[in-house]
There are 2 protein chains.
Amino acid sequence: MVKLSLVEENYLKAIYHLSGHGQENVSTNAIALQIQTTPASVSDMVRKLAKKKVVEYTKYQGVNLTNEGTKMALRIIRKHRLWEVFLVKELKFHWDQVHDVAEQLEHIQSPLLIQRLDEYLGFPKFDPHGDPIPNEHGEIEEKPKLTLSSLKECESGIIAAVKDTSAEFLKYMDKIGVYLGAQVTVMDIEQFDRSQEIEIDGAKRIFVSKQVSENILITQ
Amino acid sequence: MVKLSLVEENYLKAIYHLSGHGQENVSTNAIALQIQTTPASVSDMVRKLAKKKVVEYTKYQGVNLTNEGTKMALRIIRKHRLWEVFLVKELKFHWDQVHDVAEQLEHIQSPLLIQRLDEYLGFPKFDPHGDPIPNEHGEIEEKPKLTLSSLKECESGIIAAVKDTSAEFLKYMDKIGVYLGAQVTVMDIEQFDRSQEIEIDGAKRIFVSKQVSENILITQ
DNA sequence: AATATTTTTTAGATTAGTTTAAATTTAATA
DNA sequence: TATTAAATTTAAACTAATCTAAAAAATATT
Ligand SMILES: [Mn+2]
Ligand SMILES: [Mn+2]
Ligand SMILES: [Mn+2]
Ligand SMILES: [Mn+2]
């Protein structure tokens with residue numbers, strides 16, 4: 001197994017997230033946008049990663065992870081999410097404060113550390129944003145979830161995750177009282193803009209725009 | 001306050017450790033040896049650090065930390081030692097396993113993280129090797145300690161720290177049953193090689209060479 | 001199909017950190 | 001004090017990662 005630099009690790013992660021779990025090839029521009037760099041840098045790096053056999057790449061055709069690359073990306077994501085759990089559960093961070101620190105912690109190299117951390121946290125299956133935590137072999141169990149926006153009137157479910165994990169969005173979730181595990185029922189849908197009136201835990205009623213309801217994920 | 005790269009942080013730490021808490025100037029070669037690089041690299045870097053006002057440097061005269069530089073070095077050491085406590089106390093790492101991981105973790109940038117970690121651990125005063133943990137202002141309280149080798153026959157004390165924190169030395173400490181907090185009494189000193197027969201906790205008796213007794217620190 | 005636009009790649013330069021080899025300064029010794 | 005040895009600095013070159021600008025390829029539009 002090849003050894004990657006911190007920068008290379010971030011490229012792998014970006015490609016993983018942009019490819020929709022390996023489904024479609026990722027464009028140079030998309031990667032550049034995601035990791036805040038130039039398309040020229042991405043072109044260079046992608047060639048380098050292809051030489052290391054962690055991505056499949058043909059010029060002008062975009063890039064995707066190899067099996068090896070996917071496993072490596074998922075091991076980094078595993079670390080990211082385990083650290084997020086630690087920060088929230090143990091160090092009482094708020095779920096909108098953990099991402100930037102986890103971006104740093106995910107690059108710490110120590111198999112023992114991450115094994116012990118997993119154990120210490122009681123082998124959590126999801127991170128504070130409801131995202132599943134891959135296992136040590138770089139395997140992930142993704143259950144397809146509905147967006148709140150796809151629910152019809154009178155339908156209900158459990159809030160399982162958020163798509164948008166930006167601090168702004170998470171703070172807004174807090175403000176309106178939406179949290180993971182909450183019971184939600186769609187009371188009314190405004191046909192004009194697809195905004196919803198929803199009921200949280202059979203009590204509080206709030207209005208959410210379509211932009212918001214598309215970023216809330218539901219299980220039933 | 002200037003912002004330093006990971007590499008620059010390691011230089012500061014090396015200079016701190018080699019200067020004996022700022023007492024004497026540190027030579028280019030000594031730094032090169034400590035951080036496994038070439039004297040040429042050190043010369044370059046030291047000029048760079050002087051420009052950033054974290055070290056005082058005159059060509060051919062060696063280098064030392066400024067007040068600002070000392071504070072920064074101590075904040076990194078604070079992080080290193082707090083993480084070591086976390087690894088041993090919470091994640092059940094052995095005291096000979098923590099150093100390399102702490103070398104990575106000490107560079108994580110998040111004041112909130114380190115503040116919460118400190119709190120989580122109960123504001124520890126010493127790391128697993130008996131070294132004092134600096135406060136958040138970059139201040140450290142160093143109590144002068146005796147080496148075991150300086151004790152005379154029949155004198156005793158408490159083992160407070162180890163000077164050598166290499167895995168080999170620490171494993172040897174385990175093997176002979178030496179641990180922090182143990183009561184130790186010097187039973188006999190061999191004049192020829194200054195080796196000692198010592199008694200641990202008024203029970204077990206062992207022999208230690210001068211090389212070993214010089215690396216064990218005592219309080220009374 | 002021809003032209004225009006967008007995307008991607010290449011070329012050349014830049015920065016941080018490093019190395020080797022040569023030059024210089026300091027320290028040691030005869 | 002003169003010479004030698006050791007330590008230190010400078011010079012030149014290298015790698016990883018980045019950027020700007022220009023060239024090339026792919027798409028979209030007339
Ligand atoms: Mn995150
Ligand atoms: Mn997350
Ligand atoms: Mn250490
Ligand atoms: Mn330590």
Side-chain angles (χ1 to χ4, degrees), chain A residues 1-15 18-20 24-65 69 72-73 76 103-104 106-109, chain B residues 1-15 18-20 24-65 69 72-73 76 103-104 106-109:
Chain A
M1 198 190 304
V2 285
K3 161 101 175 111
L4 300 185
S5 73
L6 184 149
V7 171
E8 290 171 324
E9 288 194 342
N10 283 336
Y11 272 88
L12 279 204
K13 230 178 26 137
I15 295 167
L18 291 167
S19 69
E24 58 209 50
N25 273 20
V26 179
S27 78
T28 300
N29 272 4
I31 298 170
L33 197 72
Q34 171 90 358
I35 63 184
Q36 299 278 66
T37 186
T38 60
S41 299
V42 175
S43 265
D44 257 8
M45 181 56 86
V46 145
R47 220 164 11 87
K48 212 175 121 192
L49 292 171
K51 204 173 291 172
K52 294 192 177 185
K53 310 269 189 201
V54 292
V55 305
E56 192 76 57
Y57 167 60
T58 22
K59 267 194 203 175
Y60 297 101
Q61 303 300 124
V63 71
N64 217 329
L65 298 175
M72 295 181 86
I76 301 160
E103 285 290 310
Q104 298 179 62
E106 73 190 4
H107 301 289
I108 302 291
Q109 304 286 354
Chain B
M1 195 190 306
V2 284
K3 160 100 174 110
L4 300 185
S5 72
L6 183 149
V7 170
E8 290 172 324
E9 289 194 341
N10 283 336
Y11 272 89
L12 279 204
K13 229 179 25 136
I15 295 167
L18 291 168
S19 70
E24 57 209 51
N25 273 21
V26 180
S27 77
T28 301
N29 273 2
I31 298 171
L33 196 72
Q34 170 91 356
I35 64 183
Q36 299 279 65
T37 186
T38 60
S41 298
V42 175
S43 265
D44 257 7
M45 182 55 87
V46 145
R47 219 164 12 87
K48 212 175 122 192
L49 293 171
K51 204 173 289 171
K52 293 193 176 183
K53 308 266 190 204
V54 292
V55 305
E56 193 76 57
Y57 167 60
T58 24
K59 267 194 205 176
Y60 296 102
Q61 303 301 123
V63 71
N64 217 329
L65 298 176
M72 296 181 86
I76 302 160
E103 285 290 310
Q104 298 179 62
E106 72 190 4
H107 301 289
I108 302 291
Q109 304 286 355

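Chain A is the first sequence line, chain B the second, and so forth, proteins listed ahead of strands; every chain is numbered from 1. Heavy-atom basis, side chains included; hydrogens, waters and symmetry copies ignored. Bear in mind the structure is a predicted one, so any value in this text is a computation, not a measurement.
- Distances from the side chain of A/Thr37 to the nucleotides D/dC19, D/dT9, C/dT9 place D/dC19 closest.
- When the side-chain nitrogen and oxygen atoms of B/Ser27 are compared with OP1 and OP2 of D/dA7, none of them lie within a distance under 4.0 Å.
- For B/Tyr60, no side-chain nitrogen or oxygen approaches OP1 or OP2 of D/dA6 to under 4.0 Å.
- In this structure, the CD atom of B/Gln61 is 15 Å from the C1' atom of D/dA6, given to the nearest Å.
- B/Tyr11 has a side-chain polar atom (N or O) that falls below the 4.0 Å cut-off from OP1 or OP2 of C/dT18.
- C/dA16 atom C1' lies 10 Å from atom NZ of B/Lys52, rounded to whole Å.
- Side-chain proximity of B/Ala40 to the nucleotides D/dT18, D/dA11, C/dT18 is greatest for D/dA11.
- Annotation: side chain of B/Leu4 is in contact with side chain of B/Lys52 (closest heavy-atom distance under 4.5 Å).
- Close to D/dT18, at under 4.0 Å from its OP1 or OP2, lies no side-chain N or O of A/Ser41.
- Among the atoms of the strands shown, base atoms are found under 4.0 Å from some heavy atom of B/Thr38.
- The interatomic distance linking B/Arg47 (CZ) with D/dT10 (P) rounds to 6 Å, in whole Å.
- Comparing A/Met45 and B/Val42 by the nucleotide of DNA chain D that holds the closest heavy atom to each, the one mapping nearer the 5' end is B/Val42.
- Side-chain N or O atoms of B/Asn64 include one that pairs as donor or acceptor with a backbone N or O of B/Glu24 at under 3.5 Å.
- Contacts of A/Thr28 with the nucleic acid, taken as non-hydrogen atoms under 4.0 Å apart, involve only primed sugar atoms and P, OP1 or OP2.
- Annotation: A/Glu56, atom CD; neighbour count of heavy atoms from other residues, nucleotides and ligands within 6.0 Å does not exceed 12.
- Regarding A/Leu49, its CG atom lies at a distance of 13 Å from the P atom of C/dT9, rounded to whole Å.
- The closest side-chain heavy-atom distance from B/Val42 to B/Asn29 is not below 4.5 Å.
- Distance CD1 (B/Ile31) to C1' (D/dT8): 12 Å, rounded to an integer number of Å.
- B/Lys13 is not listed as a side-chain neighbour of B/Ile35, based on a closest heavy-atom distance of 4.5 Å or more.
- In this structure, the CG atom of A/Asp44 is 9 Å from the C1' atom of C/dT10, given to the nearest Å.
- Rounded to whole Å, atom C1' of C/dT25 lies 11 Å from atom OH of B/Tyr57.
- The separation between B/Leu4 atom CG and C/dA16 atom P is 13 Å, rounded to whole Å.
- In this structure, A/Lys59 reaches the C/dT10 phosphate: one of its side-chain N or O atoms is under 4.0 Å from OP1 or OP2.
- One finds no side-chain N or O of B/Asn29 lying less than 4.0 angstrom from the OP1 or OP2 phosphate oxygen of D/dA6.
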